[in-house]
Structures are given as C-alpha cells and as structure tokens.
Amino acid sequence: MNKIALVLSGGGAKGFAHIGVLKALEEHDISPDIIVGTSMGAIIGGFYSSGVSLKDIEEIASTFDWKEFAKILVLPTSETGIIKGDKIVKFFRNIIGYTKIEDLSTKFSAVAFDLKNNCETIIDGGDLVSALRASMAIPMIFSPFIYKGRVLFDGGLINPLPIDVAKEYNPNTIIAVNVMKKKIKNFSRERIGINLDYYKDKNKKKKRKFKKKLDSNFLLKQVKNDSQKNIIKEKIFKLYDFFDDYFDKNNEDKPLSKMDILENIFYITQNYFIESKAGENNRDVDIYYEPIFDTVNFFDFSRAKYLIDKAEKEMKKILDDKNIK
C-alpha cells in the first residue's frame, strides 16, 4: 500500500492555494494518509483532516468577508500581539468543534515554535483547534498560544515547510507545497527614503472619511465608556495606518510601507529556511510544487478564488505526468 504524505507550507492568504492542491489530488483519486502543515498550511490541512469537505473549505475561503474578518481580529487586543486570538479560536471551533488530532482518520501534525524553550514543537495530539491556533501565531500580529509553560508562535519561524516532520511517518510518497516563493522586490535607498511631507500630506481626505465612518460605526456606538471607546478607536487607527499603503497598488513608486518591508523580510527568511533544508529534504520528495503569486499579498484574502483556481490547474498538470495512487 502506498502511504502518501502531504506537506503544506505557511504563507498567509497565499495558503488558500492549498485548497486548489487538495482539489487536484481528489480529482486524481489521491487521498493523503498524512498531512503536516505550518501556519496557514496547518489550518487548511487541519480542516481537511477533520472531515470538512473541500467544497465547504473553498466556500469559507471564497466568501471571505473583510468586514467580518475585522470584527474577528480587532477586538480584543493583547500586549504581546495586535490580535489576542480568542475570536479566531471561536471561529475555528464553529467549523471543526472539539476534535482530537488522534481521532482523525488522516494522521495530522501542526508545527509551532516554542519561544521560551527555543525549540520546534510538533503538535500531533490533543485539541485540533488549539494546534491550529498555536501554529498560526505570527509574532507581533497574534499573541502566542500558552500551554504548560510553552510560549508557542507560528511554526514558520523554525520550519515553514516541514518535510522532515512528514518523513518521520515513513511514507512511500511525499508531496510538498511551498506557496511562499516570491520574486522579492528590490530594496533601494530611493524607494525607502523618508519624506516627511509625503507622510504628512498623503491620504488626508481618505483618513477623514475613515474617521467619519468610524464615528458612526454601530459596534462602537454600543461602547458607552468614552475612555474605552477612544482606546478602541486608537487601535483601529493603528491598524489602518499599518495596512493603508500595503493595499494601495496604484502607486508603484511610493516608498515601501511598513507592511511591504515586513512582508519582504518574512518571505526572505522563510525561503532561506526552506532552501537551507532543500538538499536534505528534497531528494525524498516525489512532487514539489512551488507556485509564484507575485500579485498577491500576505493578507490579500480577497484573492482566494484566483489562488485556488491557479493551484488546482497547475497541480492537475503535474499529477497528469505522475503515476501516484
């Protein structure tokens, strides 16, 4: 019997491409016996391993509402990260309930990084939702997941494409998917030069409009304490400033935003980890799929359909040339 392991990388919104990969596998009657994932790869792999249909997973991804997402993320906040994560757990729980990893029909492992003990942590038992929450805790974005003295952050910090973890299951076939490959933008002094007038004058009209919307927001109106309301508004404005330039695709010559810098550094380090292990890992990989989605940002969740369709099409072509059952 051919025992197949599927390895899914992290990658933020680009991780929606994993859905397309799974669709292509199903169309070729290929069912993974083992799924190992990091961050977004753990989320998609965990949902699938728990029995959520690809149709439902795709619907969740494709009908993703940024307004609803903001409600999930913005409140409450944490000192150790912008997002505390309680509502993310509730969101996951509504989809997969209280499922134990050891009860899954497909073997599953999520990778996280224990900052306190400085070690890779492989979660292959216990509560599935907690495993997903730990594996996706990007530092400074999400607060860590605390468990028995462990301070768990996103597994991409230590092992963004955990092929070596899959190998421990002794599979006959390994399929690895890295969605983080990116043609990194060139950094230059001109592009990141600080122009105070630029930052002072830009988007004043847009910010005034945003503030007006915020003042009339139904949820904020429910907060009766003025001091608490001002704290919430301040945090929302910080998020607005953080993401504002990131989604402005109309000006290619603008200085790099904070999100541009953070994303590029993230991809550089993630791919360095993957490439540093390539010699050791890739010789045991039967299918290695590494799509490039240069027009999609890390938080560009609205591009789910494009990511799924592109990955499905490309993976089907790869599988057509293979004989894996």
Side-chain angles (χ1 to χ4, degrees), residues 1-10 15 18-19 21-22 25-26 29-57 60 85-117 119-137 142-177 281 284-285 324-325:
M1 179 181 174
N2 187 17
K3 187 162 67 171
I4 300 171
L6 178 64
V7 185
L8 304 177
S9 75
H18 295 315
I19 301 170
V21 169
L22 286 163
L25 291 174
E26 279 198 354
D29 295 320
I30 297 171
S31 180
D33 302 283
I34 304 142
I35 297 180
V36 179
T38 292
S39 197
M40 194 61 166
I43 294 171
I44 300 299
F47 282 10
Y48 187 72
S49 298
S50 70
V52 182
S53 71
L54 277 179
K55 181 181 178 181
D56 288 343
I57 297 173
I60 292 167
D86 291 352
K87 293 193 176 183
I88 284 287
V89 169
K90 185 178 179 181
F91 177 70
F92 288 166
R93 195 74 73 190
N94 287 338
I95 298 169
I96 55 182
Y98 289 87
T99 304
K100 287 187 176 181
I101 295 173
E102 52 267 38
D103 294 336
L104 302 175
S105 57
T106 301
K107 288 187 181 297
F108 175 79
S109 292
V111 176
F113 176 64
D114 183 354
L115 183 65
K116 185 175 180 181
N117 297 303
C119 73
E120 179 178 359
T121 304
I122 300 163
I123 308 172
D124 57 6
D127 182 48
L128 177 59
V129 166
S130 296
L132 305 186
R133 169 66 179 87
S135 186
M136 59 161 278
F142 289 97
S143 59
F145 183 82
I146 310 297
Y147 179 69
K148 290 187 176 180
R150 295 182 182 273
V151 181
L152 300 177
F153 277 104
D154 193 297
L157 293 171
I158 190 70
N159 200 349
L161 185 66
I163 295 170
D164 53 337
V165 178
K167 286 164 63 176
E168 294 176 6
Y169 288 100
N170 298 313
N172 305 105
T173 300
I174 297 178
I175 301 170
V177 183
N281 285 331
D284 297 311
V285 174
I324 296 175
K325 292 291 180 184

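- When each of L128, D127, I88 is tested with R93 by the rule side chain to side chain contact (heavy atoms under 4.5 Å, CB included), just one qualifies, namely D127.
- In this structure the side chain of D124 never reaches within 4.5 angstrom of the side chain of V165, judged on heavy atoms.
- In this structure, the side chains of I60 and F91 come closer than 4.5 Å at one or more pairs of heavy atoms.
- Across all non-hydrogen atoms, the minimal contact from I34 to P171 is CD1-CB, 4.2 Å.
- Remark: D154 CG to L152 CG distance equals 11.0 Å, nearest 0.5 Å.
- The two residues P162 and V36 come nearest to each other via the heavy atoms CG-CG1, 3.5 Å.
- No side-chain donor-acceptor contact under 3.5 Å links T121 and D114.
- With hydrogens and angles disregarded, no donor-acceptor distance shorter than 3.5 Å links the side chain of H18 to the backbone of A42.
- Across all non-hydrogen atoms, the minimal contact from N117 to G149 is ND2-O, 4.4 Å.
- For the atom pair CZ (F108) and CD1 (I123), the distance works out to 8.5 Å, reported to the nearest 0.5 Å.
- Looking only at side-chain heavy atoms (C-beta outward), C119 and R150 come within less than 4.5 Å of each other.
- Side-chain N or O atoms of S135 include one that pairs as donor or acceptor with a backbone N or O of S39 at under 3.5 Å.
- With contacts defined as side-chain heavy-atom distances shorter than 4.5 Å, the pair L22/I57 does not qualify.
- The closest side-chain heavy-atom distance from T38 to S9 is not below 4.5 Å.
- Here S31 pairs with nothing under the side chain to side chain donor-acceptor pair (under 3.5 Å) rule; sequence neighbours left out.
- Side chains of I96 and L132 form a contact here, defined as non-hydrogen atoms less than 4.5 Å apart.
- The structure places CD1 of I122 at 8.0 Å from CG of N159, a figure rounded to the nearest 0.5 Å.
- Closest approach of F153 to A137, counting heavy atoms only: CD2-O, 3.1 Å.
- The two atoms that bring F142 and M136 nearest to each other are CZ-CE, 3.3 Å, heavy atoms only.
- Shown here is Y169, whose OH atom has more than 12 heavy atoms of other residues, nucleotides or ligands within 6.0 Å.
- Although no hydrogens or angles enter the test, the distance criterion places a donor-acceptor pair under 3.5 Å between the side chain of S49 and the main chain of G45.
- Closest of all the heavy-atom pairs between V7 and A166 is CG2-CB, 3.5 Å.
- Rounding to the nearest 0.5 Å gives a distance of 11.5 Å between OG1 of T173 and CG of L6.
- Under the 4.5 Å side-chain criterion, counting only non-hydrogen atoms from C-beta, F92 is in contact with F47.
- Residue I19 holds its CD1 atom at 7.0 Å from CE of M40, rounded to the nearest 0.5 Å.
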Legend entry - Derivation of the side chain to side chain contact (heavy atoms under 4.5 Å, CB included) call for I163 and D284: CA-CA 9 Å; I163 295 170; D284 297 311; 5.8 Å; no
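- K3 and D33 are not joined by a salt bridge, as no carboxylate oxygen comes within less than 4.0 angstrom of a charged side-chain nitrogen.
- Inter-residue side-chain proximity for I146 and V151 is flagged as met; some heavy-atom pair is nearer than 4.5 Å.
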